[in-house]
Number of protein chains: 2
Amino acid sequence: MQKDAYTYLTEHGIKPSPQRMAVMEYLIANPVHPTVEAIHAALVGRMPTLSKTTVYNTLKLFVESGAAQVLTINEKMTNFDADVEPHAHFLCAECGEIYDIAENEEMVKQATALPENFQLDTTSVYLRGICPKCLQKKNK
Amino acid sequence: MQKDAYTYLTEHGIKPSPQRMAVMEYLIANPVHPTVEAIHAALVGRMPTLSKTTVYNTLKLFVESGAAQVLTINEKMTNFDADVEPHAHFLCAECGEIYDIAENEEMVKQATALPENFQLDTTSVYLRGICPKCLQKKNK
DNA sequence: AATCAAAAATGAAATGATTACAAATTTGAA
DNA sequence: TTCAAATTTGTAATCATTTCATTTTTGATT
C-alpha cells in the first residue's frame with residue numbers, strides 16, 4: 001500500500017508546503033523517474049506560478065532528506081525516484097525509458113555492500129541496453 | 001600485465017592517430033577516471049594544438065567501440081575509464097575521488113545480469129559516501 | 001486581526017559542460 | 001604528386017542547472 005505524500009514528507013522532516021506536496025504527489029503517482037522539466041511541465045497547469053527553480057530546490061531537499069533518490073543513469077538529464085529502496089534501473093537506449101528492475105533486490109544489496117572502511121551512503125545499479133518493446137519494434 | 005595503447009586501440013578497431021594514442025595512453029597510465037577537462041589539461045602541454053572537441057570526439061569513439069566506459073556517477077561531470085571489466089565505483093562526497101571497488105566482481109556480475117527480455121549492453125554499480133581518507137580527516 | 005521575522009517561492013541572469021558545425025589539416029591509396 | 005576521405009580544430013550555440021536578489025507566504029506573538 002502506497003503512503004500518501006503528506007505522511008511521506010513529514011516522516012522525512014519536510015514541511016509540506018503546497019509546492020512540495022504537489023511535487024511529491026507527482027513523484028508517487030508517476031513512478032517513471034521524471035526529470036525536473038517533466039515535473040514542472042506536468043504541474044504548472046494546475047499551479048501556474050510554480051517556478052522551475054522551486055522544483056529544483058524541492059527535489060534537492062527531498063534527496064538530502066532521504067525522501068527521494070537521484071538517478072544519474074542518463075548523461076543528459078537527472079531523473080528522480082521517490083522509491084529509495086535498493087533496486088536496479090535499466091535505461092533503454094532506443095526509447096529512453098527507465099525501468100525498475102526489482103526482481104533481484106537481494107543481489108543488488110549484496111553487490112552494493114562492498115566497501116569496509118568506506119562510509120556508504122547511497123548505491124545505484126544501472127543497466128543500459130534495449131528494452132523488450134524496442135527490441136520487438138526492431139524485428140518488425 | 002597492462003596492454004599498450006596501440007594494441008588496445010587497434011584491437012577495438014580504432015585507427016591510432018596521435019591524438020587517440022595520447023588520450024588512450026593517458027587513460028591507461030592514470031586510472032583515476034579523469035574528466036574531459038583533466039585529460040585535455042594534462043595533454044595540451046606536450047600536444048599544444050589538441051582541442052577539447054577532439055578529446056570529446058575521441059572519448060565518444062572509445063566508448064562506442066567498447067574501448068572505454070563512461071561513468072555518470074558524478075552529476076556534475078562525466079568521467080572515463082579504460083577498464084571495461086565489470087567493477088563497482090565509489091564516489092567520495094568529500095574529496096570527489098572515484099575509487100575502483102573490484103573486490104567483489106562476481107557479485108557485481110550477478111547483480112547486473114538481471115533482465116531477461118532485455119538486451120543488456122553496459123552495467124554500472126555506483127556507490128557513494130565518504131572514503132577512509134576523508135573519514136579519518138573528519139575525526140582529526 | 002495586525003505585526004513581523006523566518007521560511008519558502010519566484011524569475012531573471014549567470015554558469016559551465018557538452019554539442020554542432022564549418023573550415024583547416026592530415027592521411028594514405030592511386 | 002594528387003586528391004578524396006578521415007581527422008582535427010576553434011568558435012559559436014545549446015541547454016540543464018545554479019546563483020541570487022526580490023517577493024510572497026507562513027505562523028507565532030501581540
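Proteins come first, then strands; the chains are lettered A, B, ... in the order of their sequence lines, and each starts at number 1.
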Exercise. OP1 or OP2 of C:dT10 less than 4.0 angstrom from a side-chain nitrogen or oxygen of A:Q19, does that happen here?
Worked result: yes
For this session: For B:K52 and B:V36, run side chain to side chain contact (heavy atoms under 4.5 Å, CB included): C-alpha distance rounded to whole Å, both residues' side-chain angles, the deciding distance at 0.1 Å, then the answer.
Result: CA-CA 7 Å; B:K52 218 173 274 185; B:V36 167; 3.9 Å; yes
For this session: For D:dT14, take OP1 and OP2 only and decide whether either is under 4.0 Å from a side-chain N or O of A:K76.
Result: no
Exercise. How many angstroms lie between atom OG1 of A:T58 and atom CG of A:L50, to the nearest 0.5 angstrom?
Worked result: 7.5 Å
Just the table, please: protein N/O against nucleotides 12-14 of chain C N/O, every pair under 3.5 Å.
| residue | atom | partner | partner atom | Å |
| --- | --- | --- | --- | --- |
| C:dA12 | N6 | A:T53 | OG1 | 3.4 |

Exercise. Counting side-chain heavy atoms from C-beta on, which of D:dT9, C:dA9, C:dT10 comes nearest to A:N57?
Worked result: C:dT10
Problem set entry | Minimum-distance nucleotide (side-chain atoms of A:S17 versus C:dT10, D:dT17, C:dA8) | C:dA8
Problem set entry | Between CG on residue B:L71 and OH on residue A:Y126, distance to nearest 0.5 Å | 12.0 Å
Exercise. Would you say A:T54 reaches C:dA9's phosphate, i.e. side-chain N/O to OP1/OP2 under 4.0 Å?
Worked result: no
For this session: Taking atom types as modelled, find out whether B:T7 and B:D4 have a side-chain donor-acceptor pair closer than 3.5 angstrom.
Result: yes
Exercise. Ring centroid separation for A:F62 and A:F80, is it under 6.0 angstrom?
Worked result: no
Problem set entry | Under 3.5 Å side-chain donor-acceptor pair for A:N74 and A:H33 | no
Problem set entry | Nearest heavy atoms of A:A67 and A:M24, plus distance in Å | O-CE, 3.7 Å
Exercise. Got B:R128 and A:S124 here, is their nearest side-chain heavy-atom distance under 4.5 Å?
Worked result: yes
Any N/O pairs under 3.5 Å between the protein and nucleotides 25-30 of chain C? List them or say none.
none

Exercise. What is the nucleic acid contact for A:T78, judged by heavy atoms within less than 4.0 Å: base, sugar-phosphate only, or nothing?
Worked result: sugar-phosphate
Seminar exercise, completed: Ranking D:dT9, C:dA9, D:dA16 by distance to the side chain of A:Y56, first place goes to D:dA16
